[in-house]
S.K.: 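A single structure is presented below for examination.
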There are 4 protein chains.
Amino acid sequence: MGQDFNTNQPIYLQIVQRLCRQIIRGELGAGDKLPSVRELAVQMGVNPNTVQRVYSELEKLEVAETRRGLGTFITEKESRLQQLRDELMTEQINSFVTDMKEMGFTASEIVEGVRKALENA
Amino acid sequence: MGQDFNTNQPIYLQIVQRLCRQIIRGELGAGDKLPSVRELAVQMGVNPNTVQRVYSELEKLEVAETRRGLGTFITEKESRLQQLRDELMTEQINSFVTDMKEMGFTASEIVEGVRKALENA
Amino acid sequence: MGQDFNTNQPIYLQIVQRLCRQIIRGELGAGDKLPSVRELAVQMGVNPNTVQRVYSELEKLEVAETRRGLGTFITEKESRLQQLRDELMTEQINSFVTDMKEMGFTASEIVEGVRKALENA
Amino acid sequence: MGQDFNTNQPIYLQIVQRLCRQIIRGELGAGDKLPSVRELAVQMGVNPNTVQRVYSELEKLEVAETRRGLGTFITEKESRLQQLRDELMTEQINSFVTDMKEMGFTASEIVEGVRKALENA
DNA sequence: GTGGTCTAGACCACC
DNA sequence: GTGGTCTAGACCACG
């Protein structure tokens with residue numbers, strides 16, 4: 001059940017990302033219980049400490065909150081989740097666009113490139 | 001003269017990126033001489049070791065070559081530079097598109113988002 | 001009816017504190033009956049185990065005593081309650097003063113700061 | 001060289017507090033280098049991981065910043081340090097005052113109590 | 001040399 | 001059962 005992790009990025013951040021995307025896609029919703037630290041550690045083939053760090057990170061992002069002795073839960077505030085979706089989207093788009101512009105590509109080259117990539121996928 | 005570097009990514013990679021973009025934009029052309037290690041180190045406000053690593057990286061990418069006693073130069077092979085441009089572009093686009101799809105965005109949302117970002121920039 | 005609890009401190013201690021303050025303020029007096037464990041648990045939106053621990057703690061402090069089959073009561077010894085008031089006060093003041101001194105604030109800065117805070121409150 | 005730590009609070013937070021107080025007292029100034037993780041770990045008789053956590057925390061507070069391969073340093077922004085001083089002071093005072101008021105003490109009782117405690121110290 | 005991450009495994013307080 | 005902290009010790013990329 002051990003997963004494949006990219007070596008360029010810390011494992012805990014990759015897991016954070018994965019969970020965030022599940023939230024954005026609606027697979028995880030407001031108030032849902034996340035697996036226990038030990039459980040997710042087993043699922044991911046990772047040390048419990050690493051998962052611990054994942055959950056701390058999610059809490060720092062105000063995406064999850066932990067209730068003493070009960071577990072870790074996706075925040076109840078749906079607005080925060082919506083905000084997360086927007087944040088990640090615009091962040092992703094903006095960094096993409098500025099990178100492309102810095103490389104000297106024109107707007108039409110960029111749009112055209114994206115369109116082609118979408119067709120092939 | 002010290003530049004601002006992102007903490008999330010190694011400084012040497014950020015410099016590599018910067019140089020590659022100058023090449024792609026045509027500010028640096030085939031055969032151009034790059035500054036000496038010490039010179040660039042001072043310009044960037046960075047340790048000479050770091051610049052050394054930058055130049056090794058560029059050699060590994062076959063984008064630059066060092067000639068003993070003369071310095072480091074952008075490769076003479078223009079085809080490689082053209083190729084570099086294509087590589088970086090498709091790499092950038094593909095990772096962007098797959099990320100966005102993983103987040104559950106539709107093709108039209110993506111294209112529309114990019115278009116808007118380009119207008120505002 | 002669930003209350004808001006601070007995440008930094010155990011819930012049961014926060015409840016203990018709350019009850020102690022009610023006693024100090026005279027809202028709860030010697031011999032008064034406390035709610036049953038289940039009752040308080042519901043009031044507080046908390047697990048009965050947690051309330052159980054609250055009452056144990058109060059017993060340990062000799063502030064409450066439980067009589068089998070009857071319930072939990074504030075102690076009859078008024079002297080203990082008076083003592084509790086003094087204890088909490090000096091404890092609170094002393095830890096405050098030593099903290100402030102450790103931070104390097106002068107006596108006059110401290111007194112002045114307190115005075116201002118009292119005015120604004 | 002192992003220090004005495006309170007059992008009620010995590011070690012790493014106690015170290016954070018200690019360092020913050022040294023800053024507030026002016027023993028550590030803007031731009032000063034902090035000991036290396038391993039060094040402080042030995043000084044404190046603590047595991048390097050624990051110190052690591054301390055430094056992450058200081059960074060989160062924008063009180064320290066780390067420079068890759070060089071070490072961890074107190075932030076150069078003196079304004080942040082001044083702000084820290086103010087924050088910790090008002091935080092300390094306000095929580096003290098509200099606690100005392102919640103216990104039903106009058107303003108004059110509070111001021112008088114503080115004054116006495118300062119004399120005896 | 002530096003900080004950053006990770007594993008293995010333990011103990012604790014809390015609910 | 002839960003999360004939170006800690007130790008011991010390792011490996012890595014970075015400057």
Side-chain angles (χ1 to χ4, degrees), chain A residues 2 5-15 33-41 44-59 64-73, chain B residues 5 7-15 41 44-54 57, chain C residues 5 7-15 41 44-54 56-57, chain D residues 2 5 7-15 33-41 44-59 64-73:
Chain A
F5 291 109
N6 190 334
T7 26
N8 307 328
Q9 211 188 1
I11 293 179
Y12 80 98
L13 283 183
Q14 295 181 49
I15 300 180
K33 185 180 185 312
L34 293 169
S36 83
V37 169
R38 293 157 178 80
E39 215 173 304
L40 189 53
M44 293 302 207
V46 149
N47 186 289
N49 277 328
T50 304
V51 176
Q52 187 65 265
R53 205 161 173 178
V54 170
Y55 284 179
S56 313
E57 196 67 19
L58 289 177
E59 209 169 351
E65 45 198 35
T66 89
R67 302 191 201 126
R68 334 171 73 81
L70 296 179
T72 305
F73 300 80
Chain B
F5 292 107
T7 349
N8 307 326
Q9 210 188 359
I11 291 179
Y12 82 98
L13 281 183
Q14 296 181 50
I15 299 179
M44 295 298 206
V46 149
N47 190 302
N49 286 332
T50 305
V51 176
Q52 193 59 264
R53 200 184 279 216
V54 169
E57 192 69 17
Chain C
F5 291 107
T7 349
N8 306 325
Q9 211 189 359
I11 291 179
Y12 81 99
L13 282 184
Q14 296 182 49
I15 299 179
M44 294 300 205
V46 149
N47 190 302
N49 285 332
T50 305
V51 176
Q52 194 56 265
R53 200 186 277 216
V54 169
S56 316
E57 192 68 17
Chain D
F5 291 108
T7 27
N8 307 329
Q9 210 189 2
I11 292 179
Y12 80 97
L13 283 183
Q14 295 182 49
I15 300 180
K33 184 182 187 308
L34 293 170
S36 83
V37 169
R38 294 156 178 79
E39 215 173 302
L40 188 54
M44 294 303 210
V46 151
N47 187 289
N49 277 328
T50 304
V51 175
Q52 187 67 264
R53 204 161 175 181
V54 169
Y55 284 178
S56 314
E57 196 68 19
L58 289 177
E59 209 168 352
E65 46 197 34
T66 92
R67 301 189 202 128
R68 335 170 72 83
L70 296 178
T72 305
F73 300 80

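A note on names: the letters A, B, ... follow the listed sequences, proteins ahead of strands, and every chain is numbered from 1.
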S.K.: For A:Gln9, does its backbone N or O pair with a side-chain atom of A:Gln14 as donor and acceptor, under 3.5 Å?
M.R.: yes
S.K.: Can you confirm whether A:Leu34 sits close enough to A:Leu40 that some side-chain heavy atom of one is under 4.5 Å from a side-chain heavy atom of the other?
M.R.: no
S.K.: Could you give the CZ-to-P distance, from A:Phe73 to F:dT2, as a whole number of Å?
M.R.: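 Nearest whole value for this atom pair: 11 Å.
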S.K.: Indicate, with a heavy-atom threshold strictly under 4.0 Å, whether D:Arg67 touches base, sugar-phosphate, or nothing.
M.R.: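 Contact class for D:Arg67: none.
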S.K.: What does D:Thr72 touch in the nucleic acid at a heavy-atom separation under 4.0 angstrom: a base, only the sugar-phosphate, or nothing?
M.R.: sugar-phosphate
S.K.: Is there a Watson-Crick or G-U wobble partner for E:dT2 with both distances under 3.5 Å, and if so, which one is it?
M.R.: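 Its partner is F:dA13 (Watson-Crick or G-U wobble, both distances under 3.5 Å).
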S.K.: For the pair made of CD in D:Gln14 and P in F:dT5, what is the distance, rounded to whole Å?
M.R.: 12 Å
S.K.: Which comes earlier along DNA chain F counting from the 5' end, the contact point of D:Gly69 or that of D:Tyr12, where each point is its nearest nucleotide?
M.R.: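 It is D:Tyr12 whose nearest nucleotide is closer to the 5' end.
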S.K.: How many whole angstroms separate atom OH of D:Tyr55 from atom C1' of E:dG3?
M.R.: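 To the nearest whole Å, that distance equals 11 Å.
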S.K.: Starting at atom CD1 of D:Ile15, determine the distance to atom C1' of F:dT5, rounded to an integer number of angstrom.
M.R.: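 For the pair D:Ile15 CD1 and F:dT5 C1', the rounded distance is 12 Å.
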S.K.: For E:dT2, does either OP1 or OP2 sit under 4.0 Å from a side-chain N or O belonging to D:Ser36?
M.R.: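 Yes, D:Ser36 has a side-chain N/O under 4.0 Å of OP1/OP2 on E:dT2.
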S.K.: Closer than 4.0 Å, any side-chain N/O of D:Thr66 to the OP1 or OP2 of E:dG3?
M.R.: no
S.K.: Find the distance C:Leu13:CG to E:dC14:P and express it as a whole number of Å.
M.R.: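 Computing the C:Leu13:CG to E:dC14:P distance gives 6 Å.
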S.K.: Side-chain contact, heavy-atom cut-off 4.5 Å: D:Met44 with D:Ile15?
M.R.: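 The answer is yes; the side chains approach within 4.5 Å.
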S.K.: Any side-chain heavy-atom pair from A:Thr72 and A:Leu58 closer than 4.5 angstrom?
M.R.: no
S.K.: Rounding to a whole Å, what distance do you find between C:Phe5:CZ and E:dC14:P?
M.R.: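 Whole-Å distance recorded here is 14 Å.
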S.K.: Answer yes or no: is there a side-chain heavy-atom contact under 4.5 Å between A:Tyr55 and A:Thr66?
M.R.: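 No, their side chains stay 4.5 Å or more apart.
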S.K.: What is the base-pairing partner of F:dT7, counting Watson-Crick and G-U wobble geometry with both distances under 3.5 Å?
M.R.: E:dA8
S.K.: Can you tell me how far P of E:dG4 sits from CD of A:Glu57, to the nearest Å?
M.R.: 13 Å
S.K.: Counting only side-chain heavy atoms from C-beta out, which of E:dC15, E:dT2, F:dC14 sits nearest to B:Arg53?
M.R.: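 In terms of side-chain proximity for B:Arg53, the closest of E:dC15, E:dT2, F:dC14 is F:dC14.
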S.K.: OP1 or OP2 of F:dG3 versus the side-chain N and O atoms of A:Arg68: is any pair under 4.0 Å?
M.R.: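 For F:dG3, neither OP1 nor OP2 has a side-chain N or O of A:Arg68 closer than 4.0 Å.
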S.K.: Distance check: side-chain N/O of A:Gln52 vs OP1/OP2 of F:dG3, anything under 4.0 Å?
M.R.: no
S.K.: Would you classify D:Val46 as touching base, sugar-phosphate or nothing, given that sugar-phosphate means primed atoms plus P, OP1 and OP2, and contacts are heavy atoms under 4.0 Å?
M.R.: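 Answer is sugar-phosphate: D:Val46 comes under 4.0 Å of backbone atoms only.
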S.K.: I want to confirm an ordering. Mapping A:Asn49 and B:Asn47 to their closest nucleotides on DNA chain F, which one lands closer to the 5' end?
M.R.: A:Asn49
S.K.: Rounding to a whole Å, what distance do you find between D:Gln9:CD and E:dC12:P?
M.R.: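 Taking atom P of E:dC12 as the reference, CD of D:Gln9 is at 19 Å.
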